[in-house]
Amino acid sequence: MPGINEVLVSRNIYSETDFNGLYPLSVRELDRYHWTSLSLAKKAAGFLVPDGRVKVLDIGSGAGKFCLAAACYYPDALYYGVEQRRWLRDHAEAARIRLGLENVRFIHGNFTQLDLRNFDSFYFYNSFYENLSGINKIDDSIEYSVELYNYYSRYLFRQLRQKPRGTRLCTLCSSEDEVPPDYHVVGTDMDDLLKFWIKV
Ligand SMILES: C[S@@+](CC[C@H](N)C(=O)[O-])C[C@H]1O[C@@H](n2cnc3c(N)ncnc32)[C@H](O)[C@@H]1O
């Protein structure tokens, strides 16, 4: 775990394994391929929260690990996660309650239903990738297709293009199809898998 954190320690969480103990087995089993680790969440949030008051959106928030960890490490910002699978959103919300975090909100729905103008910074862990063949799936509760991958990537591209200069985006394992050309990489980590972008 990336250093001692007051909120986590107060809940007897001293390791990634302890944190994953907030979730049932069905969620923990997906951790390796689908959820952001605490150390990466801390790095991403450190970039996405240049000053305390920003609103950060996790596009496809899964079980909420990014938002929850970020809210522990950078508590002055507001974190929103939007997730299409209700069961994951509900586990994220249960974990939020157990951590006692008031600066996180989990929304059930498709990110295309949100107005991205309401948020300042964005986190994106390759959420649309499941639509491509040969990729590990979370479950079989939704339809997958290349068409959906393209639709979502283009939709997000257009939304990000409309954001003002200075907008911050952090991508993890992204193919970058959703990143408009006026977002420039200002830093990377994890052998370039984690990328920090600013719109110029
Ligand atoms: C790789 S997981 C990342 C979860 C979380 N952001 C994290 O870092 O721990 C991607 C998540 O995005 C969700 N997702 C994919 N497409 C979505 C969409 N169009 N709207 C909302 N959620 C979506 C999936 O259901 C999945 O839970």
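Atoms within a ligand are numbered from 1 in the order they appear, just like the ligands themselves. This one's a predicted model, so the numbers in the text were calculated from it and none came from an experiment.
Regarding atom 10 (C) of ligand 1, its nearest protein heavy-atom neighbour is S127 OG, 3.5 Å. When only non-hydrogen protein atoms are considered, atom 7 (C) of ligand 1 lies nearest to T36 OG1, 3.4 Å. At the shortest separation from atom 19 (N) of ligand 1 among protein heavy atoms lies N110 OD1, 3.1 Å. At the top of the distance list for atom 22 (N) of ligand 1, counting protein heavy atoms only, stands Q84 N, 3.2 Å.
Residue K195 comes nearest to E176 through the heavy atom pair NZ-OE2, 2.7 Å, listed as atom of the first residue, atom of the second, then distance. Taking each heavy atom of N110 and Q84 in turn, the nearest pair found is ND2-OE1, 4.4 Å.
Against a heavy-atom cut-off of under 4.0 Å, Y152 is close to the following atoms of ligand 1: 19 (N). For ligand 1, the atoms closer than 4.0 angstrom to any heavy atom of H34 are 1 (C), 2 (S), 3 (C), 4 (C). Every atom of ligand 1 with a heavy atom of D58 under 4.0 Å away is listed here by number and element: 5 (C), 6 (N). Atoms of ligand 1 found under 4.0 Å from any heavy atom of F111 (numbered from 1 in listed order, with element): 18 (C), 19 (N), 20 (N), 21 (C). Remark: ligand 1 atoms within the under-4.0 Å shell around heavy atoms of L88 are 27 (O). Counting atoms of ligand 1 from 1 in the listed order, those under 4.0 Å from a heavy atom of G62 are 4 (C), 27 (O).
Relative to the ring axis of Y79, R105 does not place its NZ or CZ within 45° and under 6.0 Å from the centre.
Among R85, E83, Q113, the residue whose heavy atom sits closest to atom 13 (C) of ligand 1 is E83. With G60, A69, G81 as candidates, the residue nearest to atom 5 (C) of ligand 1 on a non-hydrogen basis is G60.
Below 30°, between 30° and 60°, or above 60°: for W87 and H91 the angle between ring planes is above 60°, a perpendicular geometry.
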- prompt: Checking ring pair (Phe, Tyr, Trp, His ring centres under 6.0 Å) for the pair Y80/F106: CA distance, chi angles, key distance, verdict?
  reply: CA-CA 6 Å; Y80 297 81; F106 292 112; 9.7 Å; no
Tabulate below the donor-acceptor pairs under 3.5 Å that side-chain atoms of residues 178-191 make, not counting sequence neighbours, or state none.
from : atom 1 : to   : atom 2 : distance (Å)
E178 : OE2    : S174 : OG     : 2.5
D182 : OD2    : K199 : NZ     : 3.4
Y183 : OH     : L160 : O      : 2.6
T188 : OG1    : D192 : OD1    : 2.8
D189 : OD1    : K43  : NZ     : 3.4
D189 : OD2    : K43  : NZ     : 3.2

Contacts under 3.5 angstrom, residues 55-68 side chains, donor-acceptor by atom type, not counting sequence neighbours:
from : atom 1 : to  : atom 2 : distance (Å)
S61  : OG     : V82 : N      : 3.2
S61  : OG     : V82 : O      : 3.3
K65  : NZ     : E16 : OE2    : 2.5
K65  : NZ     : N20 : OD1    : 2.9
K65  : NZ     : D31 : OD1    : 2.9

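N131 places a side-chain N or O within 3.5 Å of a backbone atom of F128 that can act as its donor or acceptor partner.
Remark: R85 engages D139 in a salt bridge, criterion side-chain N to carboxylate O under 4.0 Å.
The shortest heavy-atom distance from Y123 to ligand 1 is under 4.0 Å. Using a 4.0 Å heavy-atom cutoff, G64 is absent from the residues neighbouring ligand 1. Within the structure, the closest approach of I138 to ligand 1 falls below 4.0 Å when heavy atoms are considered.
Heavy atoms from other residues, nucleotides or ligands lying under 6.0 Å from CD of Q113 number more than 12.
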